[in-house]
Amino acid sequence: MVKIKTKEEIEKMKIAGKLTAEVLEMIKNYMHPGITTQEIDKICHDYIIHKQKAIPACLGYKGFPKSTCISINNVVCHGIPNKEKIKNGDIVNVDISVIKNGYHGDSSKMFIIGDVKKKYKDLCKSTKKSLYIAIRLIKPGIKISKIGKNIQKYIFKKNFSIVEDYCGHGIGKKFHEDPQILHYKNNSQITILKEGMTFTIEPMINFGKKEVYCCKDGWTVKTKDKSYSAQYEHTILVTKYGCKILTIRKEENINKILMNKK
């Protein structure tokens with residue numbers, strides 16, 4: 001069952017989304033070679049707890065040991081922060097989820113560290129563009145399958161692959177709700193979008209092949225061919241005539257996103 005949010009719930013989700021975006025805006029000043037992923041995690045944790053008076057949703061979720069997911073290069077998602085140092089040339093995904101007043105916000109973005117090869121910059125740029133392409137489609141009355149179909153159409157033109165093992169999801173009081181949001185073409189998804197739905201879109205795009213595996217820690221997901229992977233994520237609200245990005249950051253231009261401007 002896909003839950004339609006009330007006006008009161010939407011207001012709480014707007015707050016949670018805004019706080020989530022603020023963490024990603026804050027941490028960009030610390031993303032430089034030499035810092036460890038566990039140092040990044042602690043900065044985010046302290047900011048969420050002490051500055052925002054909120055809760056890091058990842059911490060303790062199904063046993064996850066940290067407050068953020070940080071995924072470097074060939075790590076697709078759910079990277080556990082540790083003593084690994086970020087290096088010049090890395091591409092790094094930081095995934096933030098915040099709970100405020102009982103409701104969740106969820107977002108992630110890529111950070112380009114120093115002198116990154118052009119092909120990996122292009123991977124990140126294309127992944128973000130695929131997310132924006134999907135967001136432009138969102139309005140009441142469309143089939144949810146249209147999201148994955150259009151992401152796939154764009155990504156395949158770029159000769160990248162789409163991870164099929166993980167997907168976007170409904171979000172609200174619960175971290176993960178219905179519906180699932182697939183990022184590839186799948187005609188079995190017949191759900192029709194309605195005003196008041198909230199969900200994440202979070203395409204995971206690989207430079208090489210789509211196959212991935214989960215490490216022995218039970219969380220860290222890597223590409224099987226060791227190729228680099230990128231991901232961008234936003235929490236979306238379906239509105240009367242379109243959608244609202246609840247986790248939009250100050251660096252993003254909403255008009256360019258929704259109007260398909262370069």
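All values reported here derive from a predicted model rather than from experimental measurement. Residue indices begin at 1 and follow the sequence shown.
- With respect to S229, the side-chain hydrogen bond (donor to acceptor under 3.5 Å, both in side chains) criterion is satisfied by exactly one of N73, T127, T223, N206: N206.
- A donor-acceptor contact shorter than 3.5 Å links the side chain of H104 to the backbone of G172.
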Distance-only donor-acceptor hits, side chain of residues 13-26, under 3.5 Å, sequence neighbours excluded:
{"from": "K14", "atom 1": "NZ", "to": "E11", "atom 2": "OE2", "distance (Å)": "3.4"}
{"from": "K18", "atom 1": "NZ", "to": "E22", "atom 2": "OE2", "distance (Å)": "2.6"}
{"from": "T20", "atom 1": "OG1", "to": "A16", "atom 2": "O", "distance (Å)": "2.8"}
{"from": "T20", "atom 1": "OG1", "to": "G105", "atom 2": "O", "distance (Å)": "3.4"}
{"from": "E25", "atom 1": "OE2", "to": "K250", "atom 2": "N", "distance (Å)": "2.6"}

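- Formation of a donor-acceptor pair under 3.5 Å by the S107 side chain with backbone atoms of H234 is not found in this model.
- In terms of modelled atom types and a separation under 3.5 Å, the side chain of S130 and the main chain of I151 share no donor-acceptor contact.
- Contacts of S126 classified as side-chain hydrogen bond (donor to acceptor under 3.5 Å, both in side chains), with partners at least two apart in sequence or in another chain: none.
- Partners of E251 by salt bridge (charged side-chain N to carboxylate O under 4.0 Å, His left out), not counting sequence neighbours, listed by chain and number: K109, R249.
- For the residue pair D41 / S67, no side-chain donor-acceptor distance below 3.5 Å is found, with atom types taken as modelled.
- For F199, there are no ring-ring contact (aromatic ring centres under 6.0 Å, His included) partners, not counting sequence neighbours.
- Applying the ring-ring contact (aromatic ring centres under 6.0 Å, His included) rule to Y154 yields no partners; only residues at least two apart in sequence or on another chain are considered.
- Side chain of T235 to main chain of D106: a donor-acceptor pair is present (N/O by atom type, distance under 3.5 Å, no hydrogens or angles).
- Taking S161 as the reference, nothing meets the side-chain hydrogen bond (donor to acceptor under 3.5 Å, both in side chains) condition, with sequence neighbours excluded.
- Taken to the nearest 0.5 Å, the CD1 atom of I72 stands 4.0 Å off from the CD atom of E84.
- Applying the side-chain hydrogen bond (donor to acceptor under 3.5 Å, both in side chains) rule to T36 yields the partners E39; only residues at least two apart in sequence or on another chain are considered.
- With sequence neighbours left out, K87 forms a side-chain hydrogen bond (donor to acceptor under 3.5 Å, both in side chains) with no residue at all.
- Inspection of the D115 and N88 side chains reveals no N or O donor paired with an N or O acceptor under 3.5 Å.
- Other residues, nucleotides and ligands contribute only 12 or fewer heavy atoms inside 6.0 Å of the NZ atom of K210.
- Alongside V221, the hydrophobic cluster contains V76, V163, Y166, M204, V212 (criterion: ILVMFWY side chains under 4.5 Å).
- Between the NZ atom in K146 and the CD1 atom in I138 there is a gap of 9.5 Å [rounded to 0.5 Å].
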Using residues 175-183 as the side-chain source, report each donor-acceptor pair under 3.5 Å to any protein atom, sequence neighbours left out, with the distance given to one decimal.
{"from": "H176", "atom 1": "ND1", "to": "Y61", "atom 2": "OH", "distance (Å)": "2.8"}
{"from": "E177", "atom 1": "OE1", "to": "K5", "atom 2": "NZ", "distance (Å)": "3.2"}
{"from": "E177", "atom 1": "OE2", "to": "K173", "atom 2": "N", "distance (Å)": "3.4"}
{"from": "E177", "atom 1": "OE2", "to": "K174", "atom 2": "N", "distance (Å)": "3.3"}
{"from": "D178", "atom 1": "OD2", "to": "M1", "atom 2": "N", "distance (Å)": "3.1"}
{"from": "H183", "atom 1": "NE2", "to": "E202", "atom 2": "N", "distance (Å)": "3.0"}

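- With sequence neighbours left out, Y228 forms a ring-ring contact (aromatic ring centres under 6.0 Å, His included) with Y120.
- Counting side-chain heavy-atom gaps under 4.5 Å among Ile, Leu, Val, Met, Phe, Trp and Tyr, I190 is found in no cluster with other residues.
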